[in-house]
Amino acid sequence: MLKTHNCGELRAEHAGQQVTLAGWIHRWREHGGLIFWDLRDRWGITQVTINQDTTPDIHALAHEVRSEWVVQVTGTVIRRPVGMENTDLATGAIELEVTGLRVLNRAKTPPFYINKNNSVDEALRMRYRYLDLRRPAMQRNLVLRHNVIRFIRNYLSDRGFIEIETPILFKTTPEGARDYLVPSRLHPGKFYALPQSPQQLKQLLMVAGYERYFQIARCFRDEDQRGDRQPEFTQLDLEMSFVEREDVLDLIEGMFTRLVEEVSDRTLVTKPFPRLSYAEAMRRYGTDKPDLRYGLEFADLSDFVATAGFRVFSEAVAAGNPVRAICAPGCGTYSRKQLDELEALAKEAGAKGLAWMAIEESEAGPVRSPIAKFFSADQLAEIIARAGARPGDLLLFAADTEAVVCAVLDTLRREIAHRLGLDDPQKVAFCWVIDFPLFTWNEDEQRWDPSHHLFTAPMWEDVALLDSAPGKARGQQYDLACNGYEIAGGSIRIHDRAIQEKIFGLIGLDVEVAKERFGHMLEAFEFGTPPHGGIAPGIDRLVMLLAGQPNIREVIAFPKTQQAADLMAGAPSEAEPGQLAELHIRVVEAED
RNA sequence: GGGGGCGUAGUGUAGCGGUUAACAUGCCGGCCUGUCAAGCCGGAGAUCGCGGGUUCGAAUCCCGUCGCUCCCGCCA
C-alpha cells in the first residue's frame, strides 16, 4: 500500500506516529516558507504542512504542486498548536508535518471546482462525470447507496432469502413500457429485450421452489425521462412463496424502518406506516403516492354546495362531479400575483379556473372572496368548518371531473407545502396504498387494462366480480409511497391458470397471443405453483430520498441525460457497417 | 409528441438596443512562517451556444437550430 492511514482517521492520539498518506490536493495555501495542503481521499481531509526551514528540498518541490495533483506524503503526526485546531474537520486536532513527498501524478486544472459544492452546468458534470464523482458530496451519496444495498442484502439474507441473478437478455413483452431491443446475430430478424423488471423470472423461481428470492436488479425501460426516472435503474426485486399481503408488507416495513433509522441520517416521521386504500388516498390527497410529511388534506363539499348560487359548483355536482377544497394555512394575505401563480398551476393541471376564499372577518362576512356572494352565511360557515380553516388561511376550490379535481388539488397541495416549507427533505414519511382497482378502463381501446400488471391476483373475495363488474374488482396490489414518490409496488400473484386466463380475456389478450407471449408462464403454473407474491422497491429513488437529493442522477454513478445520452462516452453512437451486417440490421433514414 | 426555464472568460453569475462586456472565484507570476473559502500586489483569459433576420447599431429584439433541465403525454 502506498499509504499507512487514510485521510479521515488520524486523531490526537496518533500524535508522534510516523505515517504515510496519499491522495489529492483538495486546497493549498502557501505562506512563503510554510505550505498548507488539505489532502483528500475517500475518507476525509487531513492538513499537511511543509516547512522551508526544516525541509527545504521538499518545500521547493511542493511549491510546484497544484489542485488535484496526486501526492504521497510521509511525516510525523503532530498535535496542532493550541488555538489552531479546526473543529470543522474530523482530523482537525492534528496535522502531518511532512518529511517525504512523492508526486504520484500531476493534474490539469479541472473544468469545474472539485473542492466547492456550487452548482455546475449539468452537461459539464456529465461530460466529466469522473471529476464530478470526485466531489465529496457525490462520494457521500454513493457511499450511502452502498450502505443501503449492503443493509438490504444482510437483512434479507438473515431472513432466509437468497440472491439469484436473472438474464439481462430476455424476451420482449409489448405490454407495459417500451422495451430496449437487442438484435440477435444468430437468429436473423429476431430480438432479445432487456428486462423492464425480472417479473416473470422471479415468479418462475417461486415455481422452482426457492420460496424466498431477491435481487438487486437492473431494469430497463425505453420511456421519456423525469427527475426520478432513468432509462436504466435499479430495483430491489423480491418474491416470496406461501405468503399473504400482510407478510410482504411486514417484511418491507420492518426493513425500511430499520434502514432509515440505522443507515441514514433522516427522521422517520411515520411509524408504523399508515395504510390508505387507493380510494381514500385519492379522496384525501388526490394521488396514489401522497406526501405525508404534512397534512393539508382535501375537504369534500360536494353534498351541500349544489344549492349554492355559484353555478360552477352546482353544475359540477349536478353532473355527478366532486367539489373539493384545500386550506392553505396563513396564505389569506396572498397578493393578486400569488393567486395568479396558483391559478396558472391549477390550469396546467386541467382546471378551468381557480376559486378562492381568504378567511378574513369583516362587515361583509367571514371571508374575502370573489365568490362569497353566492353563498349563505350557513354555507360559508360549513365550508370553513369542513376545511378546518382559521382566520388568515386561504381556501382553494376545485370543481370538475374526479380526475381533474384530484390532479388540480394534488398540484396545489404540493405547491402550498413547498411554499410553506413543509416538504422538509430531512424527514421521510412512508405510507402504504392498498386496495387498488384491478383494472382501469381504457377508453381508446375499449377494454380493461391491468392497473398493475397482468399477474396481479384479485382480492379473493372479489373473484366473482371478474364476471359481473370487473371495474369494481380490487387487486391484491400494494404500493409504498414516500415523500410523494412511488417507492415500491408489488402484489400477490395469480397462481391459478383459470383465473389467469380469465384476466387475459378481460384485457383483450387473445388466447393464441397470450400463449405466444406467456406460454412458458402458463405452462409453468400447471406444475405445482405455490401461492406467492412480492414487491420491487426502487433503489435509486429510495437512496435519493435518504440522501436528500432532488433527482436520482445524484445517486447513480453514471446516469444518462434527459435525452438518454451518455455525454462522457458519447452513447448512443453509430455502429460499424460490419456490425450492422452481422446483426442483419439496415438503418433507414427517419421520415420527416 | 407538446409546454416552460437556462446557455455571457476555466467555473458561477451580472448586464437585456449604443458600456473599453462587469463581479466573484479559478488560472499564471510575485510577496508572505499558522492558514484552513488564507491575505496582499500584478497579469492573462469572452468570436456573449450556433445560424439567419430586424436595426444606423444586437450579448440584448425576432425566427430557426443544438445542448442541458423541469413538467404534460408516456412510464403493465
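The chains referred to below are lettered A, B, ... by the order of the sequence lines, with proteins before strands, and numbering in each begins at 1.
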Between Phe36(A) and His31(A), is the ring centroid distance below 6.0 Å?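 Yes, ring centres under 6.0 Å apart.
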In this structure, is the centre-to-centre distance between the rings of Phe233(A) and Phe220(A) below 6.0 Å? no
Between the side chains of [X] and [Y], is a donor N or O closer than 3.5 angstrom to an acceptor N or O?
X	Y	result
Tyr213(A)	Asp237(A)	yes
Arg42(A)	Asn6(A)	no
Thr172(A)	Asp179(A)	yes
Asn86(A)	Gln47(A)	no
Glu9(A)	His14(A)	no
Asn115(A)	His26(A)	no

Whole-angstrom distance between [N] and [M], as gauged at atom [atom1]:
N	M	atom1	value
A46(B)	U11(B)	C1'	13 Å
G15(B)	A24(B)	C1'	15 Å
A38(B)	G26(B)	P	7 Å
C68(B)	G49(B)	C1'	11 Å
G42(B)	C23(B)	P	13 Å
U8(B)	U60(B)	C1'	11 Å
A14(B)	G52(B)	C1'	28 Å
C61(B)	U19(B)	P	16 Å

Distances under 3.5 Å between protein N/O atoms and the N/O atoms of nucleotides 21-24 of chain B, please, pair by pair.
none

Taking 5.5 Å and 30° as the limits, would you call Phe36(A) and the base of U35(B) a stacked pair? yes
Planes under 30° and centres closer than 5.5 Å, is that true for His31(A) with the base of G34(B)? no
For [N] and [X] - does any side-chain N or O of the residue sit under 4.0 Å from the phosphate oxygens OP1/OP2?
X	N	answer
Thr49(A)	C36(B)	no
Arg553(A)	C70(B)	yes
Arg29(A)	U35(B)	no
Gln563(A)	G67(B)	no
Arg221(A)	C74(B)	no
Arg135(A)	U11(B)	no

[N] base to [X] side chain: any donor-acceptor pair below 3.5 Å?
X	N	result
Asp224(A)	G73(B)	yes
Arg229(A)	C74(B)	yes
Asn86(A)	C36(B)	yes
Arg80(A)	C36(B)	yes
Glu122(A)	G7(B)	no
Gln47(A)	U35(B)	yes
Arg27(A)	G26(B)	no

What is the distance, rounded to the nearest whole Å, between atom [atom1] of [X] and atom [atom2] of [N]?
X	N	atom1	atom2	answer
Glu223(A)	G73(B)	CD	P	12 Å
His418(A)	C70(B)	NE2	P	14 Å
Leu131(A)	G26(B)	CG	C1'	15 Å
Gln230(A)	C68(B)	CD	P	12 Å
Ile25(A)	C36(B)	CD1	P	18 Å
Glu97(A)	U35(B)	CD	P	16 Å
Ile114(A)	A37(B)	CD1	P	18 Å
His63(A)	G30(B)	NE2	P	5 Å

Check every atom of [options] against the side chain of [X] and return the nucleotide holding the closest atom.
X	options	result
Gln562(A)	G34(B), C27(B), U69(B)	U69(B)
Lys116(A)	G34(B), U25(B), G73(B)	U25(B)
Glu30(A)	G12(B), U35(B), C32(B)	C32(B)
Thr109(A)	G29(B), C27(B), U35(B)	C27(B)
Ser119(A)	C28(B), C68(B), G12(B)	G12(B)
Met84(A)	U69(B), G12(B), C36(B)	C36(B)
Trp28(A)	C68(B), C27(B), U35(B)	C27(B)

Considering the options Glu239(A), Gln203(A), Gln500(A), which one meets the side-chain hydrogen bond (donor to acceptor under 3.5 Å, both in side chains) requirement together with Arg493(A)?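 Answer to the side-chain hydrogen bond (donor to acceptor under 3.5 Å, both in side chains) test with Arg493(A) among Glu239(A), Gln203(A), Gln500(A): Glu239(A).
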Apply salt bridge (charged side-chain N to carboxylate O under 4.0 Å, His left out) to Arg40(A) and Asp38(A), showing your working. CA-CA 6 Å; Arg40(A) 182 193 74 234; Asp38(A) 291 340; over 6 Å; no
Without swapping roles, check the side chain of Glu85(A) against the backbone of Ile94(A) for a donor-acceptor pair under 3.5 Å. no
Please classify the nucleic acid contact of Leu567(A) as base, sugar-phosphate, or nothing, using heavy-atom distances under 4.0 Å. sugar-phosphate
Under 4.0 Å, heavy atoms only, any strand: does Thr173(A) hit a base, just the sugar-phosphate, or nothing?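 Nothing: the residue Thr173(A), judged by heavy atoms under 4.0 Å, touches no strand.
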Partner nucleotide of [N] by Watson-Crick or wobble geometry (both distances under 3.5 Å):
N	result
G73(B)	none
A59(B)	none
C6(B)	G67(B)

Closest-nucleotide ordering on RNA chain B, the 5'-leading residue of Thr561(A) and Ala177(A): Thr561(A)
